[in-house]
There are 2 protein chains.
Amino acid sequence: MKLQLQIKMNENLFLRNPELTELGRNIVKHGIQLISQNGFEAFTFKKLAEVIGTTEAGVYRYFENKHLLLLYIIAWYWGWLEYHIGFQTNNVTDPVVKLKKVIKLLATAVVDDSTTNYIDESLLHQIIISEGSKAYLTKQVGEDNKHQFFKPYKDLCAVIGDVILACSPKYKYPRSLATTIIEMAHFQNFFMNNLPSLTDFGKNKAESDIVLFLNDLVFSSIKKG
Amino acid sequence: MKLQLQIKMNENLFLRNPELTELGRNIVKHGIQLISQNGFEAFTFKKLAEVIGTTEAGVYRYFENKHLLLLYIIAWYWGWLEYHIGFQTNNVTDPVVKLKKVIKLLATAVVDDSTTNYIDESLLHQIIISEGSKAYLTKQVGEDNKHQFFKPYKDLCAVIGDVILACSPKYKYPRSLATTIIEMAHFQNFFMNNLPSLTDFGKNKAESDIVLFLNDLVFSSIKKG
DNA sequence: TCCTAAAAGATAGTATTACTATCATAAATA
DNA sequence: TATTTATGATAGTAATACTATCTTTTAGGA
């Protein structure tokens, strides 16, 4: 039997639910492909429409604009990752082991998850690295936040914060450390590949080194307090 | 006697050196104002031209496009900050004291520097927080890097890395820790003010708390190794 | 002081982007 | 089979991101 994973999405992200139709799924699927290929700035609904054989208007029926489409796929990714982390750390009782696992999952290339058939998680992971912060680094961040568009990210941050607290109940900055882990897992990866002198991973270019760095950073911080 | 600070800029950032003319200085000055007010996405050369009473073509004579103008002011900021840090930590021999000072300077609101008359550093600091990573999170990052547009950021990173090594000669990740300090000084600030549940600073919203967090993070990492 | 070159102003024009609107047709569903 | 609902086809608009050209100022040098 084939299982299908469904991520419950915030309905304000779209005009029409893209999961329910072929066209909608194509918009998401090829949207992810185009954004990861050409970057978010060069991405337009017109190009997307051409690729999937529909018209601009067709795309606009699903998403108000490309920023909302970006928020949609990013929210999807955080939702999926929280599920994925929960799945992978299930039955792990030791919070230290759990936190190490989380760091590894965050900092390591994602393998495509076959339980989500039209979404390529490894491309999504690349988008998170290169475009992720553009989701909130806008003037409308307050508005978008009111609509709860960042809830999946916040939820994941809370989950990681709880693991941190389980490791070290007196640690004072669980949320900020959680966002530091998440953001640095991605920024160090981007720097390693694009501006290597900003990191210590320029020679090897190995994600495993980022994991070592983050482990060192996190566990020295929470152990002493 | 009034001293004037000049930052040597990479000539490939502009078509005509904006420092040398009234119009050029106005482009930079009001560019900074508009970007900090409305955000980089909403910023256009047409609006800028209207504000300073020239035409779009006038602005295009100085900067090829708005991305280059962003790179220019960001490079200027990093250059200025490196100078500022050097000045403020001059005669500080203890590297731990020095590193603490650096963290404070990075994470604390900038006061306008009167030795740079047409540039408002506190607005620039806001731009770095909200738009800073857009400088390199693009598909042209490789090209821009070849032109050395990120040199000031890299130089600052190297300086901070050296202070870290002076504190702890065996520490393995001086560059990555330096970028972590820089990026987190800004991201935690942005989150604190816009998505507070991603941080532990939501109640106070005090920059001094970010400084405490970063000090804790940095010094527990480098002390033990 | 006049001359000249560089800078700025004025104006026009183009391709692309980011949409909105309308109407016809096809597909799904009741 | 009737009727929503989704899609396709086409058109149109305002704004963006430029490029081009020509004229007028302005500043500096001989």
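This structure is a prediction, so every number in the text was calculated from the model and none was measured. In what follows, chains carry the letters A, B, and so on, assigned in the order in which the sequence lines appear, proteins first and then strands, with residues in each chain numbered from 1.
With distances taken from any side-chain atom of B/Glu56 to the nucleotides D/dT7, D/dC18, C/dA7, the minimum falls on D/dC18. Listed candidates were D/dA17, D/dG8, C/dA8. Nearest to the side chain of B/Leu23 is C/dA8.
In this structure, B/Glu22 atom CD and C/dG9 atom C1' are separated by 16 Å, rounded to whole Å. In this structure, the CG atom of B/Leu34 is 13 Å from the P atom of D/dT16, given to the nearest Å. The nearest whole Å value for the distance from the NE2 atom in A/His67 to the P atom in C/dC19 is 12 Å. Separating the NZ atom of B/Lys47 from the C1' atom of D/dA17 is a distance of 13 Å, rounded to the nearest angstrom. Distance A/Phe40 CZ to C/dA18 C1': 12 Å, rounded to the nearest Å. Atom NZ in A/Lys46 sits roughly 13 Å away from atom C1' in D/dT10 (whole-Å rounding). Look at CG on B/Leu48: it is 13 Å from P on D/dT16, rounded to the nearest Å. Spacing between atom CG of B/Asn17 and atom P of C/dA8 amounts to 12 Å, rounded to whole angstrom units.
Residue B/Tyr62 is in sugar-phosphate contact alone, with no base atom involved, counting any heavy-atom pair closer than 4.0 Å across all strands shown. Using a 4.0 Å heavy-atom cutoff across all strands shown, B/Arg61 reaches at least one base atom of the nucleic acid. Nucleic acid contact for B/Phe45: none, since no nucleic acid atom lies under 4.0 Å from a heavy atom of the residue. In this structure, A/Thr44 reaches the sugar-phosphate backbone alone: every heavy-atom distance under 4.0 Å involves primed, P, OP1 or OP2 atoms, never a base. Backbone-only contact: A/Glu64 has heavy atoms under 4.0 Å from sugar-phosphate atoms and none from a base.
A/Asn145 and A/Lys151 share no side-chain donor-acceptor pair at under 3.5 Å. Neither side chain, A/Tyr153 nor A/Thr179, offers a donor N or O lying under 3.5 Å from an acceptor on the other.
At C/dA8, one or more side-chain N or O atoms of B/Thr21 fall inside 4.0 Å of OP1 or OP2 (strictly under the cut-off). Of the side-chain N and O atoms in B/Arg16, none sit less than 4.0 angstrom from OP1 or OP2 of C/dA6. Regarding contacts with the backbone of D/dG8, a side-chain N or O of A/Thr54 is found under 4.0 angstrom from either OP1 or OP2.
Each of B/Thr55 and B/Gly24 was matched to the nucleotide of DNA chain C holding its nearest heavy atom; the match closer to the 5' end belongs to B/Gly24. Remark on DNA chain D: of its neighbouring residues B/Lys66 and B/Ala57, the 5'-side contact belongs to B/Lys66, judged by nearest-heavy-atom nucleotide.
Stacking of A/Lys66 on the aromatic ring of A/Phe40 is recorded, both the 6.0 Å distance cut-off and the 45° axial limit being met.
Residues B/Gln6 and B/Glu19 approach most closely at OE1-OE2, 2.8 Å, considering heavy atoms.
Taking a 6.0 Å sphere around CD of A/Glu64, one finds it holds 12 or fewer heavy atoms contributed by other residues, nucleotides or ligands.
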